Undergrad: 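Sharing a structure with you now.
Reminder, nothing fancy here: chain letters follow the sequence lines and each chain counts from 1. Keep in mind the model is a prediction, meaning the values are calculated, not measured.
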Protein chains: 2
Amino acid sequence: MAASKTDSFNRPEAPAGEMMEDQRQGWRDVRDVIRDWVLTGRYAAGDRLPRDVDIAAELNCARSTVLRAMQDLSDAGMVERRRKGGTRVRPDPIVRATLDIPITRREVEAKGGRYGYQLVKREVVAAPRAILAATNVADPRDMLHVEAIHLSDGQPYIFEDRWICLETAPEILGIDLSRKSANEWLVLNKPYSRFDVRLYAIMADAGMADLMAVAEGAALLVIERTTWIDEAPITTVRSVTRPGYQLATQS
Amino acid sequence: MAASKTDSFNRPEAPAGEMMEDQRQGWRDVRDVIRDWVLTGRYAAGDRLPRDVDIAAELNCARSTVLRAMQDLSDAGMVERRRKGGTRVRPDPIVRATLDIPITRREVEAKGGRYGYQLVKREVVAAPRAILAATNVADPRDMLHVEAIHLSDGQPYIFEDRWICLETAPEILGIDLSRKSANEWLVLNKPYSRFDVRLYAIMADAGMADLMAVAEGAALLVIERTTWIDEAPITTVRSVTRPGYQLATQS
DNA sequence: GAGTGGTCTAGACCACTGA
DNA sequence: CAGTGGTCTAGACCACTCT
């Protein structure tokens, strides 16, 4: 292992009185020290860590620096912080991953494929109960239902089954969805304040097998996403990916 | 407009019920203002935003506050920041989701199920090429191969196919894996500095169908994860979930 | 009520990196 | 080289929430 510059460490294990600790500069180093306290068991799951100000004193830095380090650890899911309650090591360890989902056209082009798009269905109908549930809508209502296929080099890449809330995005009715996908229009014209994503696997039924040009029964990864603007649902979309599709995240 | 206190409150989405009030302070408000600049097209994809100090002057706050807001937008993938290069609206819109993957035992218990665990296989063998590739290891070597099933109320929940690098985690050989899963031991004893996750769908083959008590050909979501400590691989695991399993993320 | 984290400020200096 | 974001500091005050 090549020793990077952040490697040389001496653990602030037993500070003797008021002698000055070595000051590594940078909140990342402070973060690493605190992380090591947790990983080496000095503080176990559920334990309370010292106050920021005390850590700052021990590590000889400003409280803001400890705060910055703690924010990082909090974002990573390692600790939980509460006013007055202090900072605690998260009781149940988790893996927190970040996942980027690009626009399909961009994704295809980035992989060097020729992007194609095909509208399959466009209708205004009463939304099924499952869609109402996904969007947290109580009363039955009409929505715009759009089915489309994204192609890479002429081959089906992602099948998109989308429902758009007409109360929130009525302008969509005037858009020609046979050329440009609803996704792209929505991204550019309908900002959202909240969304959620669900991932699961399905077997291709006869209809899906035909649309995606795969064998019936093929296992397909589905990315389901719903977006809202201030509690008003905008759209919910079920993206069925082609066989072998892989969603990678790194951190 | 004379630069005064009650300036720069241009949120198109803001309800107009209240009379104009003093600008609320807080980096979240600053963030929302900048976000609206982007969403309303004042700055398009790829455009360069003003310098932090200028935004601070316009919004009448400290530069640190703008910085905090920008960090949030940068984390969310909306803008990209570079020293000297300034802040630019990210050219290709993406959806960035955060995904929490708990320890399986915790997950089962949180859902109210009775957790069970069963060791299927434990062997030290030469790692296949696919595993070497996943861990970025060049030379062939022996690894500990562990197969196990996590149960919920006696039913198969997740099948775990794991390879553990003996150079990095030799202590695992002394652990009794017939009672406690390798996952739990690793989480508590082998901190990692980096990991990646891959998600995809598979069809259950005959062997998998038998292990998971599902029909052959069932579509199963797979969560594949590899962890390293400073470039040294620790473990790579393929977690095959039961039918209907869903991974949800929200933000 | 009081303790703790969260935020803001103002300024200084550093570290990248584009022109 | 010079412009821009990144970080640190020291202090003040606020907001939450635990006891």
Side-chain angles (χ1 to χ4, degrees), chain A residues 4-6 12 20-35 37-38 43 46-91, chain B residues 3-9 21-35 37-38 43 46-91:
Chain A
S4 64
K5 58 185 304 183
T6 57
M20 201 162 26
E21 288 297 335
D22 71 329
Q23 57 174 0
R24 334 154 198 289
Q25 304 157 2
W27 61 267
R28 291 163 201 280
D29 294 314
V30 172
R31 174 199 62 188
D32 291 343
V33 170
I34 300 171
R35 173 190 283 155
W37 289 350
V38 174
Y43 298 97
D47 284 0
R48 180 170 176 174
L49 292 165
R51 298 145 57 208
D52 288 7
V53 61
D54 290 336
I55 295 179
E58 181 171 351
L59 299 184
N60 193 27
C61 65
R63 183 165 78 96
S64 326
T65 306
V66 176
L67 183 79
R68 183 71 182 82
M70 285 297 196
Q71 280 173 345
D72 197 62
L73 293 173
S74 181
D75 286 344
M78 173 169 269
V79 301
E80 287 174 338
R81 286 161 70 75
R82 269 187 238 173
R83 286 163 155 134
K84 166 77 178 177
T87 305
R88 289 179 182 278
V89 180
R90 193 183 175 108
Chain B
S4 184
K5 291 188 175 180
T6 62
D7 60 352
S8 67
F9 188 77
E21 51 186 344
D22 301 7
Q23 172 177 357
R24 286 176 299 172
Q25 302 187 350
W27 63 266
R28 292 163 199 279
D29 293 313
V30 172
R31 175 199 61 187
D32 290 344
V33 170
I34 299 171
R35 172 189 284 157
W37 288 351
V38 174
Y43 298 97
D47 283 359
R48 181 170 175 173
L49 292 166
R51 298 145 57 209
D52 287 7
V53 60
D54 289 336
I55 295 179
E58 182 171 351
L59 299 185
N60 193 26
C61 66
R63 182 166 79 95
S64 326
T65 306
V66 176
L67 183 78
R68 183 70 183 83
M70 285 297 197
Q71 280 174 344
D72 197 62
L73 293 172
S74 182
D75 286 344
M78 173 170 268
V79 302
E80 286 174 339
R81 286 162 70 76
R82 263 186 260 174
R83 285 162 160 149
K84 169 74 176 179
T87 305
R88 286 177 183 280
V89 180
R90 193 183 173 109

Undergrad: On DNA chain D, compare the nucleotides closest to B:Leu49 and B:Ser64; which residue's is nearer the 5' end?
TA: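 The answer here is B:Leu49.
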Undergrad: Go through D:dT4, C:dT7, D:dT7 for me and flag the one nearest to the B:Arg51 side chain.
TA: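 The closest nucleotide is D:dT4.
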Undergrad: How long is the line joining CG of A:Leu67 and P of C:dT7, in whole Å?
TA: 7 Å
Undergrad: For a quick check of understanding: with a heavy-atom distance under 4.0 Å over all strands, which category does A:Thr65 fall into, base, sugar-phosphate or nothing?
TA: sugar-phosphate
Undergrad: Within less than 4.0 Å of OP1 or OP2 of D:dT7, is there a side-chain N or O belonging to A:Gln71?
TA: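 Answer is no, no contact under 4.0 Å.
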Undergrad: Give the rounded distance in Å between these two atoms: CG of A:Asp54 and P of C:dG3.
TA: 13 Å
Undergrad: Just how far, in rounded Å, is C1' of C:dG3 from CD1 of A:Ile55?
TA: 16 Å
Undergrad: Looking at A:Pro91 and A:Glu80, what are the two nearest heavy atoms and their distance?
TA: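 Reported closest heavy-atom pair: CD-OE1, 3.9 Å.
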Undergrad: Over how many whole Å does the gap from B:Arg81 atom CZ to C:dA15 atom P extend?
TA: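 Checked: the CZ to P distance equals 18 Å.
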Undergrad: Side chain to side chain contact (heavy atoms under 4.5 Å, CB included) between B:Trp37 and B:Ile55: does it pass, once the steps are laid out?
TA: CA-CA 12 Å; B:Trp37 288 351; B:Ile55 295 179; 4.1 Å; yes
Undergrad: Between B:Met78 and B:Ile34, does a side chain to side chain contact (heavy atoms under 4.5 Å, CB included) hold up when you go through it step by step?
TA: CA-CA 10 Å; B:Met78 173 170 268; B:Ile34 299 171; over 6 Å; no
Undergrad: Evaluate the criterion side chain to side chain contact (heavy atoms under 4.5 Å, CB included) for residue pair A:Val33 and A:Glu58; output intermediate values, then yes/no.
TA: CA-CA 11 Å; A:Val33 170; A:Glu58 181 171 351; over 6 Å; no
Undergrad: Whether B:Arg28 contacts C:dT7 is assessed here as follows: a side-chain N or O lying under 4.0 Å from the phosphate OP1 or OP2. Is that the case?
TA: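 Yes, because at least one side-chain N or O of B:Arg28 sits under 4.0 Å from OP1 or OP2 of C:dT7.
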Undergrad: For B:Asp52 and C:dG11, give me the distance from atom CG to atom C1', rounded to whole Å.
TA: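 So the CG-C1' distance, B:Asp52 to C:dG11, works out to 16 Å.
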Undergrad: Distances under 3.5 Å between protein N/O atoms and the N/O atoms of nucleotides 16-19 of chain C, please, pair by pair.
TA:
unit_1, atom_1, unit_2, atom_2, d
C:dT17, O4', B:Arg83, O, 3.4
C:dG18, OP1, B:Arg82, NH1, 3.2

Undergrad: Using whole Å, what does the distance between atom P of nucleotide D:dG6 and atom CG of B:Leu73 come to?
TA: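 Distance, rounded to whole Å: 12 Å.
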Undergrad: Please convert DNA chain C into dot-bracket. A pair counts if it is Watson-Crick or G-U wobble with both distances under 3.5 Å; crossing pairs go in [ ] and bases paired with another strand get |.
TA: ||||||||||||||||||.
Undergrad: Side chain of A:Arg63, base of C:dG6: donor and acceptor closer than 3.5 Å?
TA: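 Looking at the base of C:dG6, it does pair with a donor or acceptor on the side chain of A:Arg63 (distance under 3.5 Å).
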Undergrad: Looking only at heavy atoms, which two atoms of A:Cys61 and A:Val66 are closest? And how far apart?
TA: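 Scanning both residues completely, I find the closest heavy atoms to be SG-CG2, 3.8 Å.
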Undergrad: Under 3.5 Å, side chain of B:Arg88 to main-chain N/O of B:Gly46, donor-acceptor pair present?
TA: yes
Undergrad: Which pair of non-hydrogen atoms, one from B:Trp27 and one from B:Ala69, has the smallest distance, and what is that distance?
TA: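 Where B:Trp27 meets B:Ala69 most closely, the heavy atoms are O-CB, 3.6 Å.
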Undergrad: If you apply the rule side chain to side chain contact (heavy atoms under 4.5 Å, CB included), what do you find for B:Asp29 with B:Leu59, and how did you get there?
TA: CA-CA 10 Å; B:Asp29 293 313; B:Leu59 299 185; over 6 Å; no
Undergrad: In whole angstrom, what separates A:Asp72's CG from C:dG6's P?
TA: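 Rounded to whole Å, this separation is 13 Å.
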Undergrad: Could you report the tightest heavy-atom contact between B:Arg81 and B:Asp52, atom names first, then the distance?
TA: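 Taking B:Arg81 first and B:Asp52 second, the nearest heavy atoms are NH2-OD2, 2.6 Å.
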Undergrad: Rounded to whole Å, please give me the gap between CD in B:Glu80 and C1' in D:dT4.
TA: 16 Å
